[in-house]
Amino acid sequence: MSKSLLHKLKGLLAEEPISLHVPGHKNMTIGYLNQLDFKMDMTEITGLDDLHSPESVIAESMKNVDKHPDYDAYYLVNGTTSGILSVIQAFSSKNGEYAIARNVHKSVFHALDLIKAKAQLLKMDVSDATNQYLGPDKTSLYDQVKDSKLAVFTYPNYYGECFDIKTVTELLKTLKIPMLIDEAHGAHLGFEHFPETALNMGADYVVQSYHKTLPSLTMSSVIFIHKNAPCREAVIRYLSYFQSSSPSYLLMSSLELAQKFYDDYHSEYFFQKREQLVQQLENKGFEIVEVDDPLKLNVRCRGYHGYELQSYFEAHHIYVELADDFQVLMVLPLWHEGDQFPFDELLSRIEKVQLVERQDDINVSVPYRTGSSMYYGGEIHNVRKIDIKYAENKILANHIVPYPPGIPIMFKGEKITEDMVKLMNYWCEQQQRVEGIKNFKIEIKDE
């Protein structure tokens with residue numbers, strides 16, 4: 001069993017790791033999950049209701065997730081992905097195309113592939129702060145979405161940045177185009193001094209990954225369905241299709257506890273701790289890139305790639321959410337009175353991080369495509385593997401997806417450019433986890 005997953009996890013815990021990544025319970029140091037017991041891993045026996053036809057205790061539990069009076073909440077035990085699949089599937093019989101932001105999660109493309117749908121990839125703005133996709137370009141949005149049957153946006157982005165969702169929502173409502181907002185990283189939004197949630201904007205569907213920022217178990221999410229949302233009943237029906245017929249009572253109970261945490265939460269203590277952490281990082285020579293969501297810290301250091309910084313932190317058993325060319329991303333705990341998070345130990349470990357001063361800036365050109373284009377869902381069946389160095393001008397057979405965050409940078413069906421080859425090589429050399437690339441090889445369409 002020396003190579004088992006259990007052995008690996010026990011070994012990691014023995015190192016007393018400090019979590020600055022998801023899930024939001026931070027190694028069970030935040031929130032109320034200590035009330036769970038493995039004996040609660042049960043099935044639909046008498047009195048425990050049925051998630052797929054809730055009438056009693058589960059129905060009442062979901063009713064208590066009352067973040068906004070215009071919405072009904074439904075538990076997701078197969079993650080936010082199951083909510084996204086259900087909404088896109090429900091609109092498949094409607095006329096028109098889907099309109100999607102380029103920074104949607106890979107599950108959106110999986111949903112489009114399942115129904116072989118056509119989608120307009122929207123023109124995007126890129127953030128000057130983080131070099132990531134931010135939101136749709138508003139100047140061209142009307143012409144791109146006016147004939148769409150459903151628009152899908154990510155808010156906030158993975159790095160904690162918010163686009164002007166109010167203006168976008170108002171435009172879509174004027175055009176009578178339904179909206180699905182992937183608010184996976186925004187289950188905590190709405191706290192004092194945090195950004196507003198899309199629920200306040202009247203979006204038709206909002207999915208939130210409670211487990212990412214609130215203290216619930218991984219895979220536990222919630223979909224909020226507006227009481228007047230089109231295709232509402234179809235979406236609810238498809239939730240049963242895309243979720244396990246044996247839903248976990250531990251996951252559902254953790255959602256209940258996370259909602260209680262949300263209802264009880266006051267943010268003053270969080271901002272006190274955050275200020276101390278930021279000061280400690282800055283004292284060590286790190287630069288903090290401030291974004292809209294204070295739960296996200298983007299940390300840089302002149303002359304260092306984010307991957308290098310990640311290694312320095314991990315040498316002291318501090319685990320961040322991700323690294324890219326420019327920075328590491330920390331997802332902070334929602335500190336609260338009485339939490340068990342090892343905050344003083346975190347400050348102590350950061351104090352031990354020793355970086356050599358460098359004068360050169362990092363210059364990396366990421367070939368983001370920001371213009372509009374079309375995506376055609378479906379499978380490419382005739383494929384073959386080739387080395388990346390021979391890939392220019394070939395057609396990609398699979399998405400290329402750095403993970404995390406799970407956002408495709410290069411799309412199946414795209415012609416591979418010289419810049420794309422350079423970036424894929426760079427990812428391999430940096431040993432970054434990228435779905436679609438293995439040992440410098442990718443799959444292309446065999447023509």
Side-chain angles (χ1 to χ4, degrees), residues 100-106 108-110 112-113 118-137 140 144 154 157-159 300 303-308 310 322-327 360-447:
I100 62 176
R102 280 186 175 269
N103 65 337
V104 295
H105 190 259
K106 62 179 181 176
V108 174
F109 293 98
H110 293 165
L112 296 171
D113 287 344
K118 187 178 179 182
Q120 174 77 49
L121 292 168
L122 300 176
K123 185 177 181 181
M124 298 290 288
D125 293 328
V126 174
S127 165
D128 293 330
T130 64
N131 300 286
Q132 299 296 314
Y133 289 127
L134 182 56
D137 172 65
S140 61
Q144 293 182 79
T154 300
N157 71 8
Y158 207 106
Y159 288 68
R300 296 179 177 178
Y304 285 86
H305 289 284
Y307 311 111
E308 295 178 275
Q310 182 180 35
L322 60 78
D324 63 26
D325 295 293
F326 306 98
Q327 60 227 330
D360 295 333
D361 290 324
I362 296 296
N363 292 307
V364 176
S365 177
V366 180
Y368 286 123
R369 265 80 72 216
T370 58
S372 62
S373 62
M374 297 304 300
Y375 178 79
Y376 299 90
E379 299 297 321
I380 296 177
H381 296 289
N382 296 320
V383 304
R384 62 187 174 94
K385 287 185 179 180
I386 65 168
D387 193 284
I388 293 169
K389 63 186 176 184
Y390 303 121
E392 189 175 349
N393 294 322
K394 302 295 191 296
I395 302 298
L396 269 175
N398 294 297
H399 301 311
I400 304 298
V401 188
Y403 204 93
I407 297 167
I409 298 296
M410 304 169 192
F411 299 109
K412 176 188 60 185
E414 278 195 294
K415 181 178 284 190
I416 301 169
T417 66
E418 181 182 0
D419 279 344
M420 291 163 69
V421 171
K422 288 179 181 177
L423 185 58
M424 286 188 282
N425 270 310
Y426 176 77
W427 282 331
C428 291
E429 290 163 359
Q430 295 293 327
Q431 298 183 332
Q432 184 175 352
R433 283 188 295 155
V434 180
E435 296 177 358
I437 308 175
K438 188 172 184 180
N439 298 324
F440 289 85
K441 293 184 182 298
I442 60 171
E443 286 190 334
I444 62 165
K445 184 177 181 181
D446 192 7
E447 298 178 296

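None of the values given here were measured: they were computed from a predicted structure.
Atoms OH and NE2, on Tyr158 and His105 in that order, are 8.0 Å from each other to the nearest 0.5 Å. The structure places CG of Asp387 at 5.0 Å from NZ of Lys441, a figure rounded to the nearest 0.5 Å. Remark: Ile444 CD1 to Ile380 CD1 distance equals 10.5 Å, nearest 0.5 Å. To the nearest 0.5 Å, atom CD of residue Gln120 and atom CG of residue Leu122 are 6.0 Å apart. Annotation: the span from Met420 atom CE to Ile388 atom CD1 amounts to 11.0 Å, rounded to 0.5 Å. Taken from CD1 in Ile386 to CZ in Phe440, the straight-line distance is 14.5 Å, to the nearest 0.5 Å.
Listed for the Lys412 side chain is a donor-acceptor partner under 3.5 Å among the backbone atoms of Gly378. The backbone N or O of Asp324 sits nowhere less than 3.5 Å from a side-chain atom of Gln432 that would complete a donor-acceptor pair. Judged by distance alone, the side chain of Gln310 and the main-chain N or O of Gly306 form no donor-acceptor pair under 3.5 Å. No donor-acceptor pair closer than 3.5 Å links the side chain of Ser127 to the backbone N or O of Gln132.
Within the 4.5 Å cutoff, side-chain heavy atoms of Met410 are placed close to those of Leu396. By the 4.5 Å heavy-atom criterion applied to side chains, Arg433 and Pro402 are not counted as neighbours. Side-chain contact between Ile416 and Val421: present, with at least one pair of heavy atoms (C-beta onward) separated by less than 4.5 Å. Residues Arg102 and Ile407 have side chains not in contact (no heavy-atom distance under 4.5 Å, counting atoms from C-beta outward). Between Asp419 and Lys422, the closest side-chain pair of non-hydrogen atoms falls below 4.5 Å. Using a 4.5 Å cut-off on side-chain heavy atoms (C-beta onward), Asn103 and Met124 make contact. When side chains are defined from C-beta on, Ile442 counts as touching Ile400, because their heavy atoms get closer than 4.5 Å. Residues Leu322 and Tyr403 form no side-chain contact, since every pair of their non-hydrogen atoms from C-beta on lies 4.5 Å or further apart.
Between Cys428 and Ile437 the shortest heavy-atom distance is SG-CG2, 3.4 Å. Across every non-hydrogen atom of Lys445 and Ala397, the tightest pair is N-CB, 3.9 Å. Minimum interatomic distance between Leu112 and Ala119 (heavy atoms only, all atoms of both residues): CD1-CB, 3.8 Å.
A donor-acceptor contact closer than 3.5 angstrom links the side chains of Tyr426 and Asp325. Residues Asn157 and Thr154 bring no donor and acceptor atom of their side chains to less than 3.5 Å of each other. Side chains of Glu443 and Asn398: a donor-acceptor N/O pair is present below 3.5 angstrom, by distance only.
Heavy atoms of other residues, nucleotides or ligands lying less than 6.0 angstrom from CD of Gln431 number 12 at most. Counting non-hydrogen atoms of neighbouring residues, nucleotides and ligands closer than 6.0 angstrom, the CG atom of Asn439 reaches no more than 12 such neighbours.
Put simply, the residue from Thr130, Leu134, Asn131 that forms a side-chain contact (heavy atoms from CB on, under 4.5 Å) with Tyr159 is Thr130. Test Lys394, Arg384, Lys385 against Asp446 for side chain to side chain donor-acceptor pair (under 3.5 Å) and you get one pass: Arg384.
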**Study point:** Worked verdict on Phe326 versus Tyr304 for side-chain contact (heavy atoms from CB on, under 4.5 Å)
**Key:** CA-CA 8 Å; Phe326 306 98; Tyr304 285 86; over 6 Å; no
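With ring centers used as reference points, His399 lies under 6.0 Å from Tyr375.
Remark: Glu392 does not engage Lys415 in a salt bridge, criterion side-chain N to carboxylate O under 4.0 Å.
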